Number of protein chains: 2
Amino acid sequence: MKTTEKITDAELEIMKVLWNRKSLTLNEIVGELSKEEPKNKSTIKTLLYRLIDKKMVKSVQKNKKENEYKPLISEKKYLKNANENFLEKLYDGNVDHMLLNFVEDKKITKEEIEKLLKIIDE
Amino acid sequence: MKTTEKITDAELEIMKVLWNRKSLTLNEIVGELSKEEPKNKSTIKTLLYRLIDKKMVKSVQKNKKENEYKPLISEKKYLKNANENFLEKLYDGNVDHMLLNFVEDKKITKEEIEKLLKIIDE
DNA sequence: AAATTTGGATTACAGTTGTAAACTATAAAT
DNA sequence: ATTTATAGTTTACAACTGTAATCCAAATTT
């Protein structure tokens, strides 16, 4: 089961805006990411290039001056992989153990679980 | 909420054996870690030293020749922190979203949820 | 047409991480 | 007492990461 190529934390922030909006120019990405605190455009360029190298993002000419960047991997697929890695690394793949910890830390409440049960019985 | 100092993947493997056995000498650690595939003792030494630097492990003289290494942070506390980081980084802290993904990926089944409900009603 | 701006592309650089060798002092063996 | 082995400690080094500057070529402005 080939592991999806690793995305670093900083790169992930880029992917998140691409997943949200499907396709964006550099400036749009910078704009999105700078909503909280302004981000350096040069840094974002680098991250974008690294994602392109990793085949996570593709770059398509949009107009004379700008390219558009599009995610090549879906958020779902990425999350699936990340979930598995997390579970394996911290809980040796034991979901029960993981859930129990979340419940103990009050991250998961009874209400949440019941809600989940309902959804499963869809 | 000061974040617990970061433990890297390789360091985590060391912590895991310490958490399991409470206190071990270098050779015992190497032994534990080498059950699957042999590990380089020198590498393990480095990781141990880094953990000591980070105040995650302390070193106590055991006998004339050897020290004993003990975890300074509990597994529970580490996991709590790691859970929070994971949740925040990938799901913006939204547990429901996370759970739903695990369910979709068949990582969590209905049985598991019902088991969990029982435990909560302890 | 020349100057300026700007996105795309490359290069830089320090800190972290995985991996391991080198060095040192002392316990154990001879 | 001398040699040898080894735990403890320090140093090394390349790949990866976060951050950003520099370079280049084309579009836009003057």
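Just so it is clear, the values below take in all heavy atoms, side chains as well, and ignore hydrogens, waters and symmetry mates. Since the structure is predicted, the reported quantities are computational estimates derived from the model, not experimental observations. Lettering of chains follows the sequences in order, A, B, ..., and the numbering in each one begins at 1.
Residue pairs meeting the side chain to side chain donor-acceptor pair (under 3.5 Å) criterion with at least one member in residues 28-44 of chain B, sequence neighbours excluded, are B:R21-B:E32, B:T25-B:E28, B:N27-B:K41, B:E32-B:K35.
Rounded to whole angstrom, the span from the CG atom of A:L24 across to the P atom of C:dG7 amounts to 14 Å. One interatomic measurement links the two molecules: CG of B:L51 to C1' of D:dG8, which rounds to 16 Å at whole-angstrom precision. Separating the NZ atom of B:K41 from the C1' atom of C:dA22 is a distance of 15 Å, rounded to the nearest angstrom. The separation between A:N67 atom CG and C:dG7 atom P is 11 Å, rounded to whole Å. Rounded to an integer number of Å, the gap from B:N63 CG to C:dA27 P is 10 Å. Between B:Q61 atom CD and D:dT6 atom P the separation is 18 Å, expressed in whole Å. At whole-Å resolution of the value, CD in B:E66 and C1' in C:dA27 are 11 Å apart. One interatomic measurement links the two molecules: CG of A:L48 to P of C:dA9, which rounds to 10 Å at whole-angstrom precision.
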| note | 5' to 3', nucleotides 17-30 of chain D under a 4.0 Å protein heavy-atom cut-off (B base, S sugar-phosphate only, - none) gives SBBBBB---BS---
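Taking A:N63 as the reference, A:K65, A:E66 meet the side chain to side chain contact (heavy atoms under 4.5 Å, CB included) condition, with sequence neighbours excluded. Shown here are the side-chain hydrogen bond (donor to acceptor under 3.5 Å, both in side chains) partners of B:K110, two or more places apart in sequence or in another chain: A:D121. Legend: residues meeting side chain to side chain contact (heavy atoms under 4.5 Å, CB included) with A:K76, ordered by chain and number and at least two apart, are A:S74, B:N101, B:E104. Qualifying ring pair (Phe, Tyr, Trp, His ring centres under 6.0 Å) partners for B:F102, counting only residues two or more places apart in sequence or in other chains: none. By the salt bridge (Lys or Arg N to Asp or Glu O under 4.0 Å) test, A:K70 is found to be paired with no residue, residues two or more places apart in sequence or in another chain being considered. Partners of B:E11 by side chain to side chain contact (heavy atoms under 4.5 Å, CB included), not counting sequence neighbours, listed by chain and number: B:I7, B:T8, B:L47, B:R50, B:L51, B:K54.
Note on B:N27: a side-chain N or O is less than 4.0 Å away from OP1 or OP2 of D:dA7. When the side-chain nitrogen and oxygen atoms of A:Y49 are compared with OP1 and OP2 of C:dT11, none of them lie within a distance under 4.0 Å.
Using bins of under 30°, 30° to 60° and over 60° for the plane-to-plane angle, the ring pair B:H97/B:Y91 lands in the perpendicular bin.
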| field | Evaluation steps, side chain to side chain contact (heavy atoms under 4.5 Å, CB included), between A:D105 and B:L79 | value | CA-CA 10 Å; A:D105 298 343; B:L79 286 179; over 6 Å; no
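Over its full length, the helix from C:dA1-D:dT30 to C:dT30-D:dA1 turns its helical axis through 20°, comparing axes from the five pairs at each end and rounding to 10°.
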